[in-house]
Participant: 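Right, I'll just put the structure down here and ask away after.
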Amino acid sequence: MRVSVIGCGHLGIPHAAAMAEIGHEVIGVDLDQAKIDRLNAGECPIYEAGLLELLDTHTASGQLRFTTDMAEAAAFADVHFLAVGTPIDVDGRSYDTGQVFGAARSLAPHLTRPSVIIGKSTVAVGTSRDLSDVLTRLAPAGDDVEVVWNPEFLREGHAIEDTLHPDRIVAGVPSSHAEDVVREIYAPLLKNQVPLHITTPATAELIKGAANAYLGMKISFINGVADMCAAAGADVQQLSEAIGLDRRIGRGGLNAGPGYGGGCLPKDIRAFTASALSLGAHDAAALLRAAEQVNESRAAAALRLVEETIGRPVDGVRVTVWGASFKAGTDDVRESPALAIAVLMHQRGAAVTVHDPHAVLTAMRRHPELDYNEDLDDSVKDAELIVLATEWPQFRDADPKHLTTLAAESVIVDLRNVLDADIWRTAGWTVRQLGRAAQQ
């Protein structure tokens, strides 16, 4: 099929590349001409594992191309994915769907034949209904333009894998014809036994919000329990393994850490909480807000652990923070827990240097007040403390014996619990891990 993907960011670029990979002819659309030029050259403005290779392959073959011209996209395709951003609105709680409706309004005058618009962006319930009204009113094809809501469930750092091998596909459809279109688009995946859940559009919109809200609550739960483990001298890793064996609970998401971040979970949980309130589900809103509050406390909790480990305030301490991206596998630093911790220590007077394998440039643009180093060894030189805040394998695999020759003091706080503490301690390091006793 011929499809367009409108919006070329962290969602749209991987989706466009994956659609080309499964055999569709794809045109991506974005307003940023410089970005479009880079994409057409096979270059990628974001880091995502495996993405650059797909872009290079499919732009070279002509299977995938990019444009700023909405009319060109409408002439090329009858199926249009909306993958634009939905940031939090000025109220701090609800979604700003300006880009969604802006893209639809730009596309609508060019829709002169039956078309299916497939929303990928995360939105509040009722958005697809309102979008359908706008398109019906503005598009020459009128009622022959249908809106499907097909939320993404991508983990940044694994977006290509999750698109090509998803756990499930959810599509909220208004008609049997729209369902047929969805089945045709995803036919290569459905042949591999990927479950397809056909729902109403409103249900599909709520499914995405509910999924992210539950994941956020699960993360906040284990982080709250990590605080209890630290106070009791218990081990949160052993606790997580044990309760995760219960099939009703599951092990996924039960990793204690510095909190959730990125462009999805924080805003989605805020917006889902607002939706619960607007729908009169006050108990659900209170539960969700509690998860938010735990997450909001993580930077302060990390600072307490750091100061407890070194036995003094961080004021004047030379600190290296390993990690800037909100998780491994991406250069996305939106609401990054690692950067929140780095900024808090900087505000408390620490001399902070941040190192990340891929996110130094994006972090530098967002927090120029911090110092950065692109080389792992150089980042450690003369440091009195290392704080491991993002779970990159480069940090897990670092050589502690070698690093003792570079650091001023051999102290590391592992906020992701990814290090083999025994190996580091044998090499002479003081190691403190989240939710674990000081010495084990």
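Heavy-atom basis, side chains included; hydrogens, waters and symmetry copies ignored.
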Participant: Asp130 and Thr97: side-chain contact (heavy atoms from CB on, under 4.5 Å), yes or no, with the steps?
Facilitator: CA-CA 11 Å; Asp130 296 340; Thr97 54; over 6 Å; no
Participant: Using a 3.5 Å distance criterion without hydrogens, assess whether the side chain of Asp235 forms a donor-acceptor pair with backbone atoms of Arg436.
Facilitator: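 Side chain of Asp235 to backbone of Arg436, a donor-acceptor pair under 3.5 Å: no, none is there.
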Participant: How about Asn40 and Ile36: do any of their side-chain heavy atoms sit closer than 4.5 Å?
Facilitator: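 Of all side-chain heavy-atom pairs linking Ile36 with Asn40, at least one is under 4.5 Å.
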Participant: Is there a donor-acceptor pair closer than 3.5 Å between any side-chain N or O of Ser336 and the backbone N or O of Ala338?
Facilitator: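 Yes, the answer is positive, given that a donor and an acceptor are paired below the 3.5 Å cut-off.
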Participant: For Leu31, does the CG atom have more than 12 heavy-atom neighbours from other residues, nucleotides or ligands under 6.0 Å away?
Facilitator: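 Count not over threshold, so no.
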Participant: For Trp392 and Tyr47, take the angle between the two ring planes, folded into 0 to 90°, and tell me which bin it lands in: parallel under 30, tilted 30 to 60, perpendicular over 60.
Facilitator: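 Because their plane-to-plane angle lies in the 30° to 60° range, the rings of Trp392 and Tyr47 count as tilted.
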Participant: For a quick test of reading the model, state the closest non-hydrogen atom pair linking Ile222 to Ser240 and the distance between them.
Facilitator: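 Closest approach of Ile222 to Ser240, heavy atoms only: CD1-OG, 3.4 Å.
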Participant: Run Asp414 and Phe395 through side-chain contact (heavy atoms from CB on, under 4.5 Å) and show every step you take.
Facilitator: CA-CA 10 Å; Asp414 177 11; Phe395 304 151; over 6 Å; no
Participant: Answer yes or no: are there more than 12 heavy-atom neighbours, outside Met1 itself, under 6.0 Å from its atom CE?
Facilitator: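 More than 12 within 6.0 Å, yes.
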Participant: Under 4.0 Å between a Lys/Arg side-chain N and an Asp/Glu carboxylate O for Glu307 and Arg348?
Facilitator: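 Not counted as a salt bridge, because no side-chain N and carboxylate O are separated by less than 4.0 Å.
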Participant: Looking at CG of Leu55 and SG of Cys44, how far apart are the two atoms once the value is rounded to the nearest 0.5 Å?
Facilitator: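 Here the rounded value is 5.0 Å.
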Participant: Does Glu152 use its side chain to pair, donor to acceptor, with the backbone of Leu154 at less than 3.5 Å?
Facilitator: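 Yes; at least one donor-acceptor contact below 3.5 Å.
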Participant: Could you please spell out the steps behind the side-chain contact (heavy atoms from CB on, under 4.5 Å) verdict for Asp332 and Phe326?
Facilitator: CA-CA 6 Å; Asp332 192 351; Phe326 82 95; 4.0 Å; yes
Participant: First locate atom OG1 of Thr163, then atom CD of Glu21, and finally report the distance between them rounded to the nearest 0.5 Å.
Facilitator: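 CD of Glu21 is found 11.0 Å from OG1 of Thr163.
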Participant: I want to check something: taking the side chain as every heavy atom from C-beta on, are Val134 and Phe101 in contact at a cut-off of under 4.5 Å?
Facilitator: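 Yes, close enough: below the 4.5 Å cut-off.
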Participant: Would you say that Tyr186 contacts Val194 through its side chain, given a criterion of any heavy-atom pair below 4.5 Å between the two side chains?
Facilitator: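 No, too far: nothing below the 4.5 Å cut-off.
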Participant: Are more than 12 heavy atoms, taken from residues, nucleotides or ligands other than Arg318, located less than 6.0 Å from that residue's CZ atom?
Facilitator: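 Count over threshold, so yes.
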Participant: What closest approach, in Å, do Val170 and Pro151 show between heavy atoms, and which atom pair accounts for it?
Facilitator: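 Shortest heavy-atom contact: O-CD, 3.6 Å.
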Participant: Under a 4.0 Å N-O cut-off, is there an ion pair linking Arg248 with Asp246?
Facilitator: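 Looking at Asp246 together with Arg248, the answer is yes, because their closest N to O distance falls below 4.0 Å.
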Participant: Any heavy-atom pair between the side chains of Ser325 and Asp331 that's under 4.5 Å?
Facilitator: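 In short, these two side chains do not touch, never coming nearer than 4.5 Å.
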Participant: Applying side chain to side chain contact (heavy atoms under 4.5 Å, CB included) between Pro174 and each of Val148, Thr200, Val147, report the one that passes.
Facilitator: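 The single option meeting the side chain to side chain contact (heavy atoms under 4.5 Å, CB included) with Pro174 is Val148.
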Participant: Just by distance, do the side chain of Trp149 and the backbone of Ser121 share a donor-acceptor pair under 3.5 Å?
Facilitator: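 It does hold such a pair.
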Participant: Show the numbers, then the answer: is there a side-chain contact (heavy atoms from CB on, under 4.5 Å) between Asn150 and Ile185?
Facilitator: CA-CA 12 Å; Asn150 170 218; Ile185 288 171; over 6 Å; no
Participant: Taking Leu388 as the fixed residue, which of Val413, Leu415, Val418 is the one that meets the side chain to side chain contact (heavy atoms under 4.5 Å, CB included) rule?
Facilitator: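 The single option meeting the side chain to side chain contact (heavy atoms under 4.5 Å, CB included) with Leu388 is Val418.
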Participant: Please check if the side chain of Thr57 supplies one atom and the backbone of Leu54 the other of a donor-acceptor pair under 3.5 Å.
Facilitator: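 It does not hold such a pair.
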Participant: CG/Leu196 to CG/Leu190 distance, rounded to the nearest 0.5 angstrom?
Facilitator: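 Taking CG in Leu196 and CG in Leu190, the distance rounds to 5.5 Å.
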Participant: Salt-bridged, Glu205 to Arg129, with N to O below 4.0 Å?
Facilitator: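 No, no charged N to carboxylate O under 4.0 Å.
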Participant: Provide the closest heavy-atom pair for Gly316 versus Glu384 in the form atom of the first, atom of the second, distance.
Facilitator: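 Where Gly316 meets Glu384 most closely, the heavy atoms are O-OE1, 3.9 Å.
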Participant: Between the side chain of Thr309 and the main-chain N/O of Leu305, is any donor-acceptor distance below 3.5 Å?
Facilitator: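 Indeed, once roles are kept as given, a pair shorter than 3.5 Å links the two residues.
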Participant: Within the structure provided, determine whether Pro400 and Ile423 are in side-chain contact (heavy-atom separation under 4.5 Å).
Facilitator: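 Contact flag for Pro400/Ile423 side chains = yes.
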Participant: Does atom CD of Glu296 have more than 12 heavy-atom neighbours from other groups under 6.0 Å away?
Facilitator: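 Yes, enclosed.
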Participant: Hey, which of Thr86, Thr273, Asn212 is the one that makes side chain to side chain donor-acceptor pair (under 3.5 Å) with Asp268?
Facilitator: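 Output: one option passes, namely Asn212.
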Participant: Short question: side chain of Lys327, backbone of Gly261 - any donor-acceptor pair under 3.5 Å?
Facilitator: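 No, the answer is negative, given that no donor and acceptor are paired below the 3.5 Å cut-off.
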Participant: Quick check for you: to the nearest 0.5 Å, what is the distance between Arg289 atom CZ and Arg270 atom CZ?
Facilitator: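 The CZ atom of Arg270 is 9.0 Å from CZ of Arg289, to the nearest 0.5 Å.
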Participant: State, yes or no, whether a side-chain contact exists between Leu403 and Trp424 at a heavy-atom distance under 4.5 Å.
Facilitator: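 The answer is yes; the side chains approach within 4.5 Å.
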Participant: Is the side chain of Lys35 donor-acceptor paired with the backbone N or O of Asp30 at a distance under 3.5 Å, no angle test?
Facilitator: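 Between the backbone of Asp30 and the side chain of Lys35 there is no qualifying donor-acceptor contact (under 3.5 Å).
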Participant: Keeping Asn295 on the side-chain end and Tyr260 on the backbone end, is there a donor-acceptor pair under 3.5 Å?
Facilitator: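 Yes; judged by distance alone, with no hydrogens or angles, the pair exists.
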Participant: Shortest non-hydrogen contact from Pro201 to Val173?
Facilitator: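 That closest heavy-atom pairing would be CD-O, 3.6 Å.
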Participant: Of the non-hydrogen atoms in Ala213 and Phe272, which two are nearest, and what is the gap between them?
Facilitator: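 It is CB-CD2, 3.6 Å.
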Participant: Just so I know, are the side chains of Val236 and Leu434 near enough to count as touching, which here means a heavy-atom distance under 4.5 Å?
Facilitator: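 SC-SC contact between Val236 and Leu434 ruled out.
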Participant: Distance-only, no hydrogens or angles: does the Glu161 side chain make a donor-acceptor pair with backbone N or O of Ala49 under 3.5 Å?
Facilitator: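 No, Glu161 side chain to Ala49 backbone: no donor-acceptor pair under 3.5 Å.
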Participant: Using a strict cut-off of less than 4.0 Å between a Lys/Arg side-chain nitrogen and an Asp/Glu carboxylate oxygen, indicate whether Asp227 and Arg298 qualify as a salt bridge.
Facilitator: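 Counted as a salt bridge, because a side-chain N and a carboxylate O are separated by less than 4.0 Å.
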Participant: Do Glu391 and Arg396 have side-chain heavy atoms sitting under 4.5 Å apart?
Facilitator: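 No. Closest side-chain heavy atoms not under 4.5 Å.
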Participant: Find the distance between OG (Ser379) and CD1 (Ile386) and round it off to the nearest 0.5 Å.
Facilitator: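 Rounded to the nearest 0.5 Å, the OG-CD1 separation comes to 7.0 Å.
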Participant: For residues Leu215 and Gly253, report the shortest heavy-atom separation together with the two atoms involved.
Facilitator: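 So the minimum-distance heavy-atom pair works out to CD1-CA, 4.3 Å.
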Participant: Within the supplied structure, the quantity of interest is the number of heavy atoms (other residues, nucleotides, ligands) at a distance under 6.0 Å from Asp283 CG; does it exceed 12?
Facilitator: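 Open: at most 12 neighbouring heavy atoms sit under 6.0 Å from CG of Asp283.
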Participant: How far does CG of Leu107 sit from OG of Ser4, to the nearest 0.5 angstrom?
Facilitator: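 The distance works out to 6.5 Å.
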Participant: Under a 3.5 Å cutoff, is there a donor and acceptor pairing between the side chains of Glu48 and His10?
Facilitator: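 Glu48 vs His10: no donor-acceptor pair found between side chains.
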